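Order of the sequence lines fixes the chain letters, A, B, ..., with proteins taken first and strands second; residue numbering starts at 1 for each chain. None of these values were measured; they are calculated from a predicted model.
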There are 2 protein chains.
Amino acid sequence: MSSGRRPLSQTQERVLALLVAAGKPLSAYDLLHLLRHEGVNAPPTVYRALDRLVRDGLAHRIESLNAFVACSRPHHQDMASFAICDACGVVAEFGDGELQSRLEALSERTGFQAERTTVELRGRCAACAAHGHGHGHVHAH
Amino acid sequence: MSSGRRPLSQTQERVLALLVAAGKPLSAYDLLHLLRHEGVNAPPTVYRALDRLVRDGLAHRIESLNAFVACSRPHHQDMASFAICDACGVVAEFGDGELQSRLEALSERTGFQAERTTVELRGRCAACAAHGHGHGHVHAH
DNA sequence: CCGCAACTGATATAGTATAACAAAACAGTT
DNA sequence: AACTGTTTTGTTATACTATATCAGTTGCGG
Ligand SMILES: [Zn+2]
Ligand SMILES: [Zn+2]
Ligand SMILES: [Zn+2]
Ligand SMILES: [Zn+2]
């Protein structure tokens with residue numbers, strides 16, 4: 001039998017390293033541009049590596065940004081939520097037991113069987129809210 | 001002074017009507033195809049109508065689907081959450097005071113100032129979970 | 001009438017994601 | 001080593017989602 005899961009491939013390691021280094025969400029095409037120097041030059045390669053990382057719980061997709069971020073507590077089983085600063089781009093990942101309980105209670109009541117839950121707060125982080133970075137925007141370019 | 005907000009334009013009305021009739025999320029391009037018969041033939045027209053409807057609280061964007069759905073309780077001020085069935089495509093919109101309080105408490109603690117909150121549950125609705133529609137997928141085509 | 005704001009038309013372009021198929025790499029088995 | 005099933009990669013092409021830009025229009029208040 002196969003004990004544990006496969007190790008990451010070279011590409012998967014590279015993508016994860018880039019996400020960790022960035023410390024904020026990168027789009028698949030951001031990653032692709034960063035990897036052009038290293039022989040990766042097609043979208044599917046990047047998307048496949050991302051699929052693996054997300055399946056494995058090493059990265060998350062941020063739906064409201066169409067982007068990906070390294071998991072801050074790899075392989076956790078509970079659901080993840082995100083607070084995303086629109087001024088500086090930083091993302092805080094947090095787990096919230098009460099939030100999760102609340103959503104599970106809802107499933108109980110309604111019979112809806114959730115397989116995946118997205119919770120994303122968009123706004124300003126404490127630092128940016130203080131600083132008068134009140135109306136800036138992060139640009140991907 | 002201008003009492004109340006402007007009425008919806010013809011295009012905006014049509015887009016809203018289509019969303020209501022569909023009873024589930026439609027992509028901007030789904031709407032565009034439906035409107036081709038009526039002289040609308042460019043994406044920006046549809047996106048602009050959708051912007052207006054979303055700004056006005058008559059429709060919501062579902063981030064995890066890149067699609068739009070009519071609001072089930074127009075103009076509500078509290079945050080909306082969504083349970084989306086991946087088998088039959090139906091979306092249930094719900095407001096949950098406790099959920100909202102929980103998220104507001106979080107903002108309080110961390111200083112994060114949320115301007116927009118996305119809560120989306122993906123899974124199977126009660127009917128589909130019962131029926132053994134256990135592994136189907138909804139296709140947009 | 002004038003000016004302003006919102007909306008539209010039209011064209012082009014940017015950004016995000018997957019389909020499909022062939023080839024290579026890898027691990028476990030015989 | 002040879003065989004087998006699975007995973008990953010390469011490559012090309014294509015589909016889907018969204019915005020930029022600029023000109024023209026419409027509706028309304030001053
Ligand atoms: Zn995580
Ligand atoms: Zn910030
Ligand atoms: Zn609503
Ligand atoms: Zn269903």
Between P of C:dC7 and CG of B:L53, the distance in whole Å: 10 Å

B:D51 side chain vs B:R48 backbone, donor-acceptor pair below 3.5 Å: no

A:R6 side-chain proximity, nearest of C:dC26, D:dT17, C:dA17: C:dC26

Residue-phosphate contact under 4.0 Å: B:S27 side-chain N/O, D:dC16 OP1/OP2: no

Ring geometry between B:Y47 and B:F68 (parallel below 30°, tilted from 30 to 60°, perpendicular above 60°): perpendicular

Options D:dT9, C:dT11, C:dC7, nucleotide nearest the side-chain atoms of B:Q12: C:dC7

Angle of first-five versus last-five pair axes in the helix from C:dC1-D:dG30 to C:dT30-D:dA1, to 10 degrees: 30°

Phosphate-side-chain proximity, A:R52 and D:dT8, N/O vs OP1/OP2 below 4.0 Å: yes

Side-chain N,O (B:T45) to OP1/OP2 (C:dT8) below 4.0 Å: no

Phosphate contact (C:dT8 OP1 or OP2) by B:S9 side-chain N/O below 4.0 Å: yes

pair A:R61-A:L50: side-chain heavy atoms closer than 4.5 Å: no

Heavy-atom closest pair, residues B:A28 and B:V46: O-CG1, 3.5 Å

Validation row: B:V15, B:L8 side chains within 4.5 angstrom (heavy atoms): no

Under-4.0 Å side-chain N/O to phosphate OP1/OP2 contact, A:N41 with D:dG10: no

Side-chain heavy atoms of A:R122 within contact of B:T118, under 4.5 Å: no

More than 12 heavy atoms from other groups under 6.0 Å of CD on B:E38: yes

Side-chain N or O of B:R48 closer than 4.0 Å to phosphate OP1/OP2 of D:dA20: no

Pairwise 5' ranking along DNA chain D for A:R55 and A:A42, keeping only the more 5' one: A:R55

Residue met sooner reading DNA chain D from 5', once B:F68 and A:T11 are mapped to nucleotides: A:T11

Side-chain N or O of B:Y29 closer than 4.0 Å to phosphate OP1/OP2 of D:dC16: no

